[in-house]
Amino acid sequence: MITNSAVSNIFVVTTYVVLFVISISTMFVHSLYQSKEYFPEERYALMQIRDSVSSTLDLHGNWTGPPCNKNSSQWTGIVCSNGHVIGLVLEGIQLTGSLPPAFLQNLTFLSNLSFRNNSIYGPLPNLSNLVHLESVLFSYNRFTGSIPSDYVELPNLKQLELQQNYLDGEIPPFDQPKLTVFNVSYNQLQGFIPNTDVLQMFSESSYDHNSNLCGIPLEPCPVPPPSPPVNPPQSKKRKLPTWIIVLIAVVATLIPFMIMFVFFYCYKKAQEEETPKERPAGNDDSPGWTDKKMQHSVSTEDPERRVDLQFFDKNIPVFDLDDLLRASANVLGKGNFGTTYKANLESGTVVAVKRVKYMNNLSKKEFLQQMQLLGKMRHENLVQIISFYYSKEEKLIVYEFVPDGSLFELLHVYDKVAKKCLSSDIFYLLVLENRGVGRIPLNWAARLSIIKDIAKGMAFLHQSLPSHKVPHANLKSSNVLIHRDRQSYHSKLTNYGFLPLLPSRKSSEKLAVGWSPEFCKRKKLTHKADVYCFGIILLEVITGKIPGETSPAGNDEKEDDLSDWVRMVVNNDWSTDILDVEILASREGHNEMLKLTDIALQCTDVAPEKRPKMSEVLRTIEEIDRTNHEND
Ligand SMILES: *[C@@H]1O[C@H](CO)[C@@H](O)[C@H](O)[C@H]1NC(C)=O
Ligand SMILES: *[C@@H]1O[C@H](CO)[C@@H](O)[C@H](O)[C@H]1NC(C)=O
């Protein structure tokens with residue numbers, strides 16, 4: 001017989017069993033969600049660094065699969081906990097390259113970060129929001145720029161090692177109580193050491209060997225005679241006379257302007273020297289078009305002035321010459337055939353206006369015919385001609401405005417500026433290493449996309465203008481304009497179709513075809529002259545070198561024949577040695593880069609008939625692009 005107490009016992013036991021099963025299953029379900037093996041955004045962050053640096057370790061071979069497996073990792077240098085990356089330690093493996101901006105943002109659980117003893121250049125990485133960081137070791141590298149001021153906001157920072165880099169600027173006021181290891185020696189820091197309890201705790205050897213640091217624990221700050229004394233930390237209470245404060249304020253406001261001025265001056269100078277033949281011709285233009293307004297450039301007596309501009313595209317808001325002349329304008333660039341302005345019309349429309357030179361003897365009919373032919377063409381990789389204006393003295397071509405500068409600037413401008421401004425050796429090294437402060441390296445995907453666009457535009461031109469001897473005739477990197485669409489780069493060709501407008505061989509010399517071997521040898525020009533120029537651009541994009549510049553040290557002698565440059569760039573045993581350092585690190589692209597180099601060599605063959613057709617080139621490049629995407 002079953003007693004009452006037995007029944008209640010069974011009931012109690014069943015209840016326990018049920019509760020136990022429920023709790024076990026919730027734990028199980030819970031743990032299913034909790035112990036995710038890794039987090040894709042963290043993996044992506046690590047891929048970014050893997051692809052932007054090179055090293056003696058084969059990170060490409062090793063960093064494959066998931067970075068974390070709960071608490072362990074198969075990846076060299078990665079430490080995981082609960083599926084999150086908490087340590088990134090890559091020391092002494094000759095990591096070379098610059099770190100992608102903000103790549104660490106998604107490693108939110110990172111607590112140890114070390115790139116000690118490598119060759120990383122460029123600015124220090126952004127660490128904002130990485131609140132778990134305890135140890136940050138960047139010593140013995142080639143970092144430049146200043147110490148980001150938000151490093152002082154890392155709440156758990158215990159160790160910060162930045163010694164033996166090329167950092168400049170001042171030390172931000174670190175005051176995290178946990179900070180016990182701190183070293184910024186052997187840099188180019190300056191100014192006084194902030195008067196915080198934490199920073200004053202460290203010994204001299206944490207600050208030694210900087211250009212101009214002062215204050216505790218180093219020497220007190222000197223008082224240079226011309227500029228008023230910087231307030232030393234202890235004498236904070238003493239009041240400065242008002243005139244000194246005013247003087248400080250004035251000097252402090254002027255300095256940035258002076259720096260900007262010097263920079264701008266050098267930039268201008270560099271640009272002018274780019275086009276040395278331009279300068280004498282500069283003044284014989286009709287007076288007027290200043291950088292401010294486009295007014296007065298065309299004589300008011302000109303009867304044709306009243307004639308409205310002709311428009312090719314009904315979708316573009318119509319404006320007349322007066323609108324154009326009233327527009328505020330600034331110089332976009334000076335080319336061999338005139339100056340191009342960016343004109344902001346009062347209606348809000350922005351256009352690019354080119355004032356054409358060397359076409360004075362051209363009849364109105366010839367100009368009109370050519371412009372109408374070119375103006376009708378529509379292609380996403382051609383800069384569209386919106387309108388034009390003809391008078392005897394003045395010829396204008398109004399183009400669509402493309403916002404992001406030219407390929408030439410994208411590839412080299414900082415080189416030029418850096419060279420003109422900073423001749424002292426140390427700066428030369430520092431700046432050229434990274435092609436200048438503030439330069440964003442142009443990665444392989446962007447370069448390939450730009451190249452593909454150029455090839456598309458060229459193939460279209462060749463197909464649309466079969467009767468032209470050389471349809472583009474002026475293909476060079478400064479005539480490839482860039483527009484960026486978030487992360488991706490696109491390009492459009494401009495200044496095409498000028499060859500029929502030019503009166504003489506002498507003036508055609510200034511076109512890019514003037515560099516082709518057949519032009520130099522006074523042989524017949526064909527479409528293949530464009531193909532030659534395309535080959536040169538390919539080499540320029542792959543190698544990052546400026547065509548015609550044989551020595552990087554600034555030997556300004558121009559070669560008449562670019563073929564020598566080609567031979568110099570791609571010597572007999574060409575290999576990955578020729579690649580631009582900025583793309584060298586993306587190893588998975590090497591194959592494609594070398595395939596493109598091969599195309600470039602075919603395109604620059606001295607014999608025009610041996611060069612491929614533009615349509616064939618485009619096909620090959622599209623093929624390469626496809627395999628590149630498959631590799632992603
Ligand atoms: C990466 O290298 C480490 C150390 O050499 C090794 O233990 C690990 O198995 C490698 N991982 C992969 C995915 O090859
Ligand atoms: C700081 O780094 C320098 C150079 O590596 C070293 O000589 C010095 O001892 C370090 N000082 C401290 C306090 O770690």
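Counting convention: from 1, in listed order, for ligands and their atoms alike. If you're wondering where the values come from, they're calculated on a predicted model, not measured in any experiment. Values below: all heavy atoms of this structure, side chains included; hydrogens, waters and symmetry mates excluded.
Between F182 and Y207, the ring planes are tilted. Angles from 30° to 60° get that label. Between W63 and W75, the angle of the ring planes stays under 30°, which puts this pair in the parallel group of the 30/60° scheme.
Looking at S205 and S185, their side chains never come closer than 4.5 Å, going by heavy atoms from C-beta outward.
Proximity of atom 7 (O) of ligand 2 to the protein is not indicated, since no non-hydrogen protein atom lies closer than 4.0 angstrom. In this structure, atom 14 (O) of ligand 1 has protein heavy atoms in its sub-4.0 angstrom surroundings.
With ligand atoms numbered from 1 in the order given, ligand 2 contributes 4 (C), 5 (O) to contacts under 4.0 Å with heavy atoms of Y140. Near S206, meaning under 4.0 Å from one of its heavy atoms, ligand 2 places the atoms 13 (C). Those atoms of ligand 1 with a heavy atom of T76 less than 4.0 angstrom away are 1 (C), 2 (O), 3 (C). Residue Y186 has at least one heavy-atom neighbour below 4.0 Å for each of these atoms of ligand 2: 4 (C).
For F138 and F143, the gap between ring centers is short of 6.0 Å.
Below 3.5 Å of separation, one finds an N or O of Q74 facing an N or O of ligand 1. An N or O contact shorter than 3.5 Å links N183 to ligand 2 by distance. Between N62 and ligand 1, a contact under 3.5 Å exists for at least one N or O pair.
At a heavy-atom cutoff of 4.0 Å, ligand 2 is contacted by the side chain of S185 but not by its backbone.
Salt-bridge formation is not detected for the pair D51/R587: no Lys NZ or Arg NE/NH1/NH2 atom is positioned less than 4.0 Å from an Asp or Glu carboxylate oxygen. A salt bridge does not link R619 to E616: none of the charged side-chain nitrogens sits closer than 4.0 Å to a carboxylate oxygen.
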Query raised in the report: Checking side chain to side chain contact (heavy atoms under 4.5 Å, CB included) for the pair L88/L110: CA distance, chi angles, key distance, verdict?
Result: CA-CA 8 Å; L88 171 53; L110 198 60; 4.1 Å; yes
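Residue F182 places every heavy atom at 4.0 Å or more from ligand 2.
How far CG of N71 is from NE2 of H84: 11.0 Å, rounded to the nearest 0.5 Å.
In terms of protein heavy-atom proximity, atom 9 (O) of ligand 2 is nearest to S205 OG, 3.9 Å.
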